Number of protein chains: 2
Amino acid sequence: MGMTAMFSDKDASSLLRQHDINPTPQRIRITALLKSKCVHMSAEDVYLAINRKGKYLVSKATVYNTLGLLSQHGVVREVIADPGKVFYDPNTEPHHHFFDVTTGELVDIDASRVRVTGLPALPPGATFEGVEIIVRLRSPKDK
Amino acid sequence: MGMTAMFSDKDASSLLRQHDINPTPQRIRITALLKSKCVHMSAEDVYLAINRKGKYLVSKATVYNTLGLLSQHGVVREVIADPGKVFYDPNTEPHHHFFDVTTGELVDIDASRVRVTGLPALPPGATFEGVEIIVRLRSPKDK
DNA sequence: CTTAATGCAAAGGCTTTGCAGAGAC
DNA sequence: GTCTCTGCAAAGCCTTTGCATTAAG
């Protein structure tokens, strides 16, 4: 069973090249962070995770610019579930999400067992960008 | 055929009372606006629609407070589709949405023909808040 | 008079932008 | 030298909050 998905800087670098992105040190770090920790992170999360321990490595502007770039090129996926901030998901395979309105946490739902039928055709001329199912739930202990 | 869904201030008033909300003039106006125009509006949209024509009727703070209140009490539904602003949907029946990333426009998808199967059970203790399917699309003419 | 709702302005959070400086070739 | 990327700070939305004013019973 499965190898743990390690994600080295080298992996990040070649992934970026595959997506026609110039692999700068900052982009490599952000990509490696997201792809190795397989969790959903906001821009702030990424910024803090990269610059923790007193080492300053990437500015906030670059974090935002890079996350936008990675989304546009399909390296990561934006998830709009929390009013007020965007999550970035390293998993670009089709899948859906639970969103906990109490904690603001996002949890993957494997799409392989989920089936959606009966969606109408797109308006004429429109191109498909993606489908997302979000199941909103409330944690216990929420007053 | 059918009657056009008119929505008077009186209707709004009794709807608010049904949901245990004290029907103040501002709340009545906002409710009547959303329920008569059956479209998705942001807080800003509501604010502008109510205060147009030079008549000043409701402050922005009250618009935000009221929309939050209406959502909490199930009079309208929040739709999180646009990163950066919340839409309020007068339709509280189960249904889904197209979101046009070019124009920022939200269009209803009738849920009666849509079927979703295979969703996993909620985490233990969690209470269900809602499901939303958002189909993202891009308009033609987007450069 | 007491309680609730409104409105203004200020503050707050997330994100984008302008532009100077640093880096790559 | 040219082109690209980065980083800082400022600015921009959208939204929330504090608090005085007004309305309701």
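Below, read A as the first sequence line, B as the second, and so on, with proteins coming before strands; counting in each chain starts at 1. Every value quoted in this text rests on a predicted model; they were computed, and no experiment measured them.
Checked against side-chain contact (heavy atoms from CB on, under 4.5 Å), B:D89 has the following partners two or more places apart in sequence or in another chain: B:H40, B:R77, B:V79, B:N91, B:H95, B:H97, B:D108.
Rounded to an integer number of Å, the gap from A:D82 CG to D:dT15 C1' is 13 Å. Between the P atom of C:dT15 and the CE atom of A:M41 lies a distance of 13 Å, rounded to the nearest Å. As a whole-Å value, the separation of B:N51 CG from C:dC8 C1' is 14 Å. With rounding to whole Å, B:L69 atom CG is found 14 Å from C:dA4 atom P. Between the C1' atom of D:dT4 and the CG atom of A:L16 lies a distance of 15 Å, rounded to the nearest Å.
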Contact list (N/O, under 3.5 angstrom) for nucleotides 11-14 of chain C vs protein:
| from | atom 1 | to | atom 2 | distance (Å) |
| --- | --- | --- | --- | --- |
| C:dC14 | O3' | A:G84 | O | 3.0 |

Pairs: protein N or O with nucleotides 5-12 of chain D N or O, under 3.5 Å:
| from | atom 1 | to | atom 2 | distance (Å) |
| --- | --- | --- | --- | --- |
| D:dC5 | OP1 | A:R27 | NH1 | 3.2 |
| D:dT6 | OP1 | A:T24 | OG1 | 2.5 |
| D:dT6 | OP1 | A:Q26 | OE1 | 3.1 |
| D:dT6 | O3' | A:Q26 | NE2 | 3.2 |
| D:dG7 | OP1 | A:L57 | O | 3.4 |
| D:dG7 | OP2 | A:S59 | N | 3.1 |
| D:dG7 | OP2 | A:S59 | OG | 3.3 |
| D:dG7 | OP2 | A:T62 | OG1 | 3.0 |
| D:dC8 | OP2 | A:Y56 | OH | 2.8 |

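Contacts classified as salt bridge (charged side-chain N to carboxylate O under 4.0 Å, His left out) and involving residues 60-74 of chain A (residues at least two apart or in different chains) are given here: A:E44-A:K60. For residues 48-82 of chain A, no pair satisfies ring-ring contact (aromatic ring centres under 6.0 Å, His included), with sequence neighbours left out.
Within the 4.5 Å cutoff, side-chain heavy atoms of A:F99 are placed close to those of A:R136. Residues A:H96 and B:L119 fail the side-chain proximity criterion, which asks for heavy atoms closer than 4.5 Å.
B:N65 and B:T62 form no side-chain donor-acceptor contact under 3.5 Å, judged by distance and modelled atom types alone. A donor and an acceptor atom, one from each side chain of A:D11 and A:S8, are located under 3.5 Å apart.
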Check residues 21-28 of chain A and write down every donor-acceptor pair under 3.5 Å in which the side-chain atom is one partner and the other belongs to a residue at least two apart or another chain.
| from | atom 1 | to | atom 2 | distance (Å) |
| --- | --- | --- | --- | --- |
| A:T24 | OG1 | A:R27 | N | 3.3 |
| A:R27 | NH1 | A:N22 | O | 3.0 |

